[in-house]
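No experiment lies behind these values; they were computed from the predicted model shown. All ligand and atom numbering here is 1-based and tracks the order in the structure.
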Amino acid sequence: MESIAHKIALKFTRVNFVPEKVTNRCYNRGNLVQIKSPTTTLTTPSSRNTPLFSPISVSKGAAGAGAGEEPELKTIPIGDPVSSVDMAPHDPILKDERIAGIASAIRVIPDFPKPGIMFQDITTLLLDPKAFKDTIDLFVERYKDKNISVVAGIEARGFIFGPPIALAIGAKFVPMRKPKKLPGEVISEEYSLEYGTDKMEMHVGAVQAGECALVVDDLIATGGTLTAAIRLLERVGVEVFECACVIELPELKGRERLGDKPLFVLVS
Ligand SMILES: O=P(O)(O)OC[C@H]1O[C@H](OP(=O)(O)OP(=O)(O)O)[C@H](O)[C@@H]1O
Ligand SMILES: Nc1ncnc2[nH]cnc12
């Protein structure tokens, strides 16, 4: 008969998954919109520090409206000039009035956590069930039926948006965590931040080579965090379909750091 000590030992024995090669590559990779850095972003016409109830515009990087100009309202396909079947010019997301509600639900706190930082606080978005649901719905509408098998969410705020997207599109959720948080065997990736470095970890065996992943976070600033997540997934043979964030801080040029990896954001 097993002793209690033996049972406890078994319970805490580390299970090392053996990665299996799977073959469910992302669907329609060639036809899908490729939002190349730094091309297009869904955006609202004014700063998020003020309430936004204006129509949505699509800005095309540096070619977008300048300061003080009324933004041009267009219905160009996202990712233009790359042709897109799924995100055609009549794509409803581009004229979606939900974006303005999402943008205005995000609070901006000046000088947090240190002087000079305009902190984009998504906790106020979470207090608004319509805006929160709209956020998830917009991502789900974009990623359903794309054969994405993994939603990789980045600690901590990617853990808020990633799981509901994963559930809705029928994918598994994989947490990409800060160091020493995951109990099993991990692979890790160091990355540079504005000041200093950090590390991201993922459980060995959580994903298999050949899977198709979406990387989710609340915000892209310098792009260091998303780049580390992409590297971790690609190191084990996973294809990263796209990165999805609620907010982009374009002035920090995170898109450029992502290279050719597509990035989709709701608010910029
Ligand atoms: O594009 P980057 O310059 O890499 O910055 C973006 C990252 O910064 C924030 O997380 P933070 O590191 O503050 O961690 P937290 O979510 O645990 O607060 C944000 O949620 C992103 O993950
Ligand atoms: N300005 C900002 N607001 C919220 N999260 C951030 N992460 C990096 N920069 C940020």
Side-chain angles (χ1 to χ4, degrees), residues 35-39 41 43-44 46-50 52 61 102-128 131-132 135-136 139 150-166 173-182 186 188-202 213-234 240 242-268:
I35 305 181
K36 289 206 171 155
S37 309
T39 51
T41 302
T43 184
T44 44
S46 54
S47 154
R48 243 164 320 108
N49 296 336
T50 53
L52 291 165
I102 293 165
S104 61
I106 297 163
R107 175 169 62 171
V108 180
I109 310 254
D111 300 322
F112 181 88
K114 45 189 172 188
I117 305 285
M118 299 291 282
F119 190 83
Q120 311 292 312
D121 179 17
I122 53 92
T123 66
T124 44
L125 171 66
L126 309 177
L127 299 176
D128 178 339
F132 186 21
T135 304
I136 301 304
F139 288 129
V150 180
V151 173
I154 297 174
E155 185 171 0
R157 290 167 257 160
F159 292 1
I160 296 168
F161 299 101
I165 298 169
F173 178 77
V174 173
M176 313 289 270
R177 295 215 64 178
K178 304 210 161 159
K180 301 192 177 0
K181 298 284 185 183
L182 290 169
V186 296
S188 49
E189 187 74 37
E190 207 163 85
Y191 60 102
S192 58
L193 296 165
E194 262 177 296
Y195 303 103
T197 60
D198 208 343
K199 212 192 253 182
M200 184 182 298
E201 296 187 338
M202 177 177 74
L214 172 71
V215 180
V216 174
D217 205 351
D218 68 321
L219 178 141
I220 175 167
T222 66
T225 308
L226 284 180
T227 305
I230 294 165
R231 276 204 299 263
L232 268 183
L233 290 160
E234 291 186 341
V240 175
E242 194 159 282
C243 298
C245 293
V246 181
I247 305 162
E248 177 182 14
L249 303 179
E251 62 279 12
L252 294 177
K253 301 191 189 315
R255 266 178 196 274
E256 288 176 23
R257 196 150 169 195
L258 296 189
D260 282 344
K261 195 56 69 187
L263 168 69
F264 178 70
V265 300
L266 301 181
V267 176
S268 173

Element-labelled atoms of ligand 1 that are located less than 4.0 Å from some non-hydrogen atom of T222:
1 (O), 2 (P), 3 (O), 4 (O)
Taking 4.0 Å as the limit for heavy-atom contacts, which would you say applies to D218 with ligand 1: side chain only, backbone only, both, or neither?
side chain
A student checking ligand 2 against R157 at a 4.0 Å heavy-atom cut-off should list atoms 4 (C), 5 (N)
Heavy atoms only: which of R177, R157, E155 is nearest to atom 11 (P) of ligand 1?
R157
Is D217 touching ligand 1 with its side chain, its backbone, both, or neither, if touching means heavy atoms under 4.0 Å apart?
side chain
If you measure from each heavy atom of R257 to ligand 1, is any distance below 4.0 Å?
no
For ligand 2, which atoms, with element, lie under 4.0 Å from some heavy atom of M118?
1 (N), 2 (C), 3 (N)
Any salt bridge linking R255 with E248? Criterion: basic side-chain nitrogen under 4.0 Å from a carboxylate oxygen.
yes
Counting only N and O atoms by type, is there a donor-acceptor contact under 3.5 Å from the side chain of E201 to the main-chain atoms of K180?
yes
Min side-chain heavy-atom separation F139-L266 under 4.5 Å
yes
Would you check whether G254 reaches within less than 4.0 Å of ligand 1, judged by its heavy atoms?
no
Polar atom proximity, L219 to ligand 1 (N or O, under 3.5 Å)
no
Quick look: L252 vs ligand 2, heavy-atom contacts under 4.0 Å, and the answer is neither
Which atom names give the shortest non-hydrogen contact between R257 and G223, and what distance separates them?
CD-C, 4.3 Å
How close do L125 and A131 get, counting heavy atoms only, and between which atoms?
CD1-CB, 3.5 Å
For I154 versus M200, what's the shortest heavy-atom pair and its separation?
CG2-CE, 4.2 Å
For E189, the salt bridge (charged side-chain N to carboxylate O under 4.0 Å, His left out) test, sequence neighbours excluded, returns R231, R235
Nearest heavy-atom neighbours spanning K181 and K178:
CG-O, 3.3 Å
Looking at A221, which atoms of ligand 2 are within less than 4.0 Å of one of its heavy atoms?
8 (C), 9 (N)
Which pairs would a plain distance check flag for residues 108-116, meaning a side-chain donor or acceptor within less than 3.5 Å of a matching protein atom at least two apart in sequence or in another chain?
residue: D111; atom: OD1; partner: G116; partner atom: N; Å: 2.7

Taking every non-hydrogen atom, the tightest pair across E242 and F264
OE2-CB, 3.2 Å
Ligand 1 to G224, heavy atom cutoff 4.0 Å, flagged ligand atoms 1 (O), 4 (O)
Examine A221 against ligand 1 and note whether any of their N/O atoms are separated by less than 3.5 Å.
yes
Any nitrogen or oxygen of I154 lying under 3.5 Å from a nitrogen or oxygen in ligand 1? Just yes or no.
no
With heavy-atom distances below 4.0 Å as the criterion, list the atoms of ligand 1 near T225.
2 (P), 4 (O), 5 (O), 6 (C), 7 (C), 22 (O)
